[in-house]
Peer 1: 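Structure incoming, see below.
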Amino acid sequence: MGTVLPSGLALALALALALPSLALENGLARTPPMGWMSWERFRCDVDCQADPRNCISEQLFMEMADRLAEDGWRELGYEYVNIDDCWSAKQRDAAGQLAPDPKRFPSGIKALADYVHARGLKLGIYADLGVFTCGGYPGTMLEHVKQDAQTFAAWGVDMLKLDGCYSSAEEQAKGYPEMARALNATGRPIVYSCSWPAYQGGLPPKVNYTILAEICNLWRNYDDIQDSWDSVLSIVDWFFTNQDVLQPAAGPGHWNDPDMLIIGNFGLSYEQSRSQMALWTVMAAPLLMSTDLRTISPSAKEILQNRLMIQINQDPLGIQGRRIVKEKSHIEVFLRPLSQAASALVFFSRRTDMPFRYTTSLAKLHFPEDAVYEVQDVYVGKIVGALKTADNFTVVINPSGVVVWYLRPVALPLQPWHVVRQQAPGKGFHPALL
Ligand code: GLA
């Protein structure tokens, strides 16, 4: 007979042997991460002499942390303050460690992490698997992966975005899983955002979403967002055109990332801003704002702080939604299944003429027969009323705008989300009613 182990230990050992060694399972990002990230709005502005207020410096991140903590953001879930590119010195230090630019981050990253933590927030940082970062700062070559993970953990960092400029497909295939192991080995909980798929075209066979979900908490699939409606539309088109591949890849702990929210900047109208927020919510996307929280307008803030929208984005089931209708009239309908048999519907207009009266029914949108829903308009905030599946209804959708509904069942024989769950990859949208 072998050694007798205490039963708890034996069980733990048996489990450890049974689990695949790659599984990330760091228990983080059970819902899509929320917070603020510097890149889209503040880029690689390193000229603190000419532009002290907007340059990439500890001051900028401290000010954003203050705003997140004091202006109602943190309570809504916006908790990450994420440093993007251009934070570091142009060279590693004598010990080969990454170090912040001494002029722009005189107190160091550890002090910044302390500042952020003292306000109940978390700190994210950026690195790049390759010779250089995309902005030309020192990269993380394979031989530095372990050391950099340890540096970030020692600084008290809570999230890492690992970009992929200046590396080969082979280096990425090695380096991204290696960083996952290195982060886990530090013992510090660090959310891990991988840009790997974005560098490999975002689609199989080059991208393996099963492996990604095992090593990364979120991943950039596609191009960088820019401050324009065209950019938002190109991202939306790509994500929903490829929803058969992307939608099943998302879930608690592992999310597709269509990139930052640009609401509050210069490129989007009011309607377009509401559309970005709604479409990112349907995609179960991370809500990482890249805007100046010191000067944001009340209307942009209201969109970003919509409680019900955030509740939908953060739904604990973590099922990504799908586009379920594309009308010739340039109206599109999106459905996201939610917990407690609720759902979110987004009616989106790509029209450029005038508010469009769109008439449909829940039956046409594949909801189960004989159900009754209480409908709430997410932006208007009001209960629209009770709706039977068979009832026709009309929504008025502004050009490049949305109407967003939250539907709770009052009487329900079946849930609509089998429609999304049972979607066979590669096929059109055919609801498989149970
Ligand atoms: C890449 C990333 C962006 C940003 C820049 C920084 O383009 O996709 O999100 O991090 O690099 O240089």
Side-chain angles (χ1 to χ4, degrees), residues 32-47 54-57 60-61 64 80-90 98 100-101 104-105 109 123-141 148 152 157-169 171-172 175-176 179 190-203 206-207 212 216-228 230-232 234-236 238-239 246 255-263 265 267 276 280 283 285-292:
M34 295 174 64
W36 184 90
M37 180 175 258
S38 55
W39 182 256
E40 197 291 314
R41 175 63 182 80
F42 295 95
R43 306 283 169 150
C44 197
D45 178 352
V46 290
D47 191 348
N54 300 305
C55 67
I56 299 301
S57 68
L60 181 72
F61 295 98
M64 291 307 155
Y80 287 95
V81 180
N82 288 359
I83 306 171
D84 207 278
D85 202 353
C86 309
W87 60 270
S88 84
K90 280 285 190 175
L98 285 175
D101 181 276
R104 294 181 286 114
F105 293 84
I109 305 295
L123 186 72
I125 207 163
Y126 168 101
D128 183 290
L129 185 72
V131 188
F132 301 109
T133 71
C134 300
Y137 288 77
T140 302
M141 306 281 283
D148 290 357
F152 298 144
V157 161
D158 307 290
M159 186 184 311
L160 171 67
K161 168 174 169 180
L162 188 61
D163 212 341
C165 273
Y166 304 108
S167 53
S168 67
E171 286 164 332
Q172 292 174 6
Y176 278 98
M179 180 60 89
I190 299 177
V191 170
Y192 182 33
S193 165
C194 302
S195 300
W196 186 13
Y199 286 87
Q200 298 303 325
L203 296 172
K206 278 197 170 171
V207 175
L212 268 173
C216 309
N217 292 117
L218 60 155
W219 49 76
R220 282 281 311 283
N221 314 63
Y222 187 61
D223 292 353
D224 290 3
I225 198 159
Q226 310 294 341
D227 194 0
S228 78
D230 274 0
S231 169
V232 170
S234 75
I235 291 173
V236 166
W238 188 84
F239 274 80
L246 304 176
W255 309 101
N256 294 300
D257 178 6
D259 212 1
M260 290 157 271
L261 295 168
I262 57 165
I263 298 160
N265 295 337
Q276 195 196 13
W280 262 235
M283 285 190 274
L287 299 179
L288 296 169
M289 308 180 283
S290 193
T291 189
D292 191 341

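Side-chain atoms are counted along with the backbone in the values below, which use heavy atoms only and exclude waters and symmetry mates. Just follow the structure's listing: the first ligand is 1, and inside any ligand the first atom is 1.
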Peer 1: For a quick test of reading the model, state the closest non-hydrogen atom pair linking L288 to M34 and the distance between them.
Peer 2: CD2-C, 4.1 Å
Peer 1: Can you tell me how far CE of M37 sits from CE of M159, rounded to the nearest 0.5 angstrom?
Peer 2: 6.5 Å
Peer 1: Roughly how far apart are Q276 CD and I263 CD1, rounded to 0.5 Å?
Peer 2: 4.5 Å
Peer 1: Let me know which protein residues bring a heavy atom to under 4.0 Å of ligand 1; chain then number is fine for ordering.
Peer 2: W39, D84, D85, Y126, C134, G135, K161, D163, R220, D224
Peer 1: Are the side chains of F42 and M64 in contact, using a 4.5 Å heavy-atom criterion?
Peer 2: yes
Peer 1: Measure the shortest side-chain to side-chain distance between K161 and N82 over non-hydrogen atoms and say whether it is less than 4.5 angstrom.
Peer 2: no
Peer 1: Which distance, rounded to the nearest 0.5 Å, do you find between the OH of Y176 and the OG of S167?
Peer 2: 6.0 Å
